[in-house]
Q: 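After the structure tokens below, expect a handful of questions from me.
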Amino acid sequence: MLEKILKEFDLDYLACQDKTAYNDLRVKYLGKSGKVTDALKEIKNVPNENKKAYGESVNNLKVLIEKRLGELSEKLEAMEFEKLMADMERVDLTVPNAESVGSLHPITITQNKIVEIFKSMGFAVEDGNEVETDYNNFEAVNIPKNHPARDMQDTFYLENGQVLKTHTSASQNRIMRKYGAPLKAIFPGRCFRNEELDASHENTFFQLEGMMIDKDISISNLIYFMKTMLSQVFGKEVNVRLRPGFFPFVEPGFELDCSCPYCGGEGCSVCKKSGWIELCPCGMIHPRVLEMGGIDPEEYQGFAFGLGLSRLAMMNFEINDIRVLNGGKLKQLKQIKTK
Ligand code: PHE
């Protein structure tokens with residue numbers, strides 16, 4: 001009889017293909033009135049002398065069936081998982097990722113760094129237009145029509161008389177009108193000039209302008225802020241020096257040089273052996289410029305500077321041709337170590 005149970009179980013086992021059939025199978029043999037359970041109960045009808053042998057046989061059968069059911073359950077689970085995987089949309093994680101990851105542009109990295117420094121010194125950060133009125137770009141910074149200073153900043157003129165801004169100073173007037181005095185603001189921006197292109201001249205470049213206007217502002221404030229900012233940019237204490245420079249919108253006007261952070265002033269290829277780097281035209285804001293911005297020059301003074309952002313980025317990342325910055329040639333840009 002036990003053999004018959006085992007044979008039947010073998011057939012059922014082979015036919016079982018899913019979890020429901022498996023549960024039925026288990027009940028059929030090991031359930032309360034399952035075949036094995038019944039066989040166990042049957043022991044009471046077995047003559048005494050055979051009870052031991054019978055008991056052992058049924059028990060062995062039970063252990064065997066339990067073992068086979070365990071195996072079957074594992075097999076069914078594996079089958080179900082495989083089916084699930086087969087039905088699922090597959091992503092092959094071993095295929096190389098075709099999209100390469102980019103990085104911020106050297107100009108952006110340099111700009112972000114300077115913006116953070118000035119923010120920490122309480123300066124507002126403003127944006128400027130790229131297309132400007134003739135008034136903002138020239139007149140409002142004391143460069144009237146036919147002034148020779150316009151020659152230095154030849155640009156691209158639109159048919160409506162507007163211009164592509166030649167310097168970030170084009171935003172000075174709008175910012176003075178927006179904030180009034182006192183004010184502390186910086187405004188980075190893209191500038192354009194009609195230039196003969198070479199390794200240090202581009203038709204499109206970046207500046208970062210700053211203005212500070214308050215009562216009792218003097219050249220020493222200008223020197224302090226420039227020295228602090230440049231020391232932070234280069235990560236070491238640098239010295240600055242002022243040479244006279246002419247810009248119609250500042251009086252007095254200067255070219256600010258920074259002691260070469262690479263050689264410490266000894267003279268190297270970056271500073272062309274002079275120990276100094278020309279970095280930042282600046283000066284005390286011309287009273288007429290303040291006036292045009294709606295600020296009383298009798299009461300307020302201020303300084304302004306126009307940092308050459310492209311220049312600084314080139315120094316920072318050891319780029320020796322400005323055309324690389326906007327050239328859009330990935331091969332060249334990728335060689336810049338921005339990390
Ligand atoms: N706007 C001037 C230039 O582009 C630089 C400058 C800015 C000079 C502010 C003085 C003060 O040449």
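When a residue number appears, it is its place in the shown sequence, counting from 1. Whatever order the structure lists them in is the order used to number ligands and atoms, beginning at 1. Basis for what follows: all heavy atoms, side chains included, without hydrogens, waters or symmetry-related copies.
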Q: Going by atom types alone, do Asn45 and Glu42 pair a side-chain donor with an acceptor below 3.5 Å?
A: yes
Q: Over all heavy atoms of both residues, which pair between His201 and Glu195 is shortest? Give the atoms and the distance, please.
A: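 For His201 versus Glu195, the nearest heavy atoms are CD2-OE1, 3.7 Å.
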Q: Write 'none' if nothing qualifies; otherwise put on separate lines each N/O atom of ligand 1 with a protein N/O atom under 3.5 Å away and their distance to 0.1 Å.
A:
| unit_1 | atom_1 | unit_2 | atom_2 | d |
| --- | --- | --- | --- | --- |
| ligand 1 | 1 (N) | His167 | ND1 | 3.0 |
| ligand 1 | 1 (N) | Ser169 | OG | 2.8 |
| ligand 1 | 4 (O) | Arg193 | NH2 | 2.9 |
| ligand 1 | 4 (O) | Gln207 | NE2 | 2.9 |

Q: When you measure from the centre of the six-membered ring of Phe9, is the NZ or CZ of Arg68 under 6.0 Å away and within 45° of the axis?
A: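 Checked: cation-pi criterion not met.
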Q: Can you label the angle between the His167 ring and the Phe138 ring as parallel, tilted or perpendicular, going by 30° and 60°?
A: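 His167 and Phe138: tilted rings.
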Q: Taking atom CD as the centre, does Glu299 end up with more than 12 heavy-atom neighbours from other residues, nucleotides or ligands that are less than 6.0 angstrom away?
A: yes
Q: Are more than 12 heavy atoms from other residues, nucleotides or ligands located less than 6.0 Å from atom CG of Asp87?
A: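 For Asp87, atom CG is crowded (more than 12 foreign heavy atoms under 6.0 Å).
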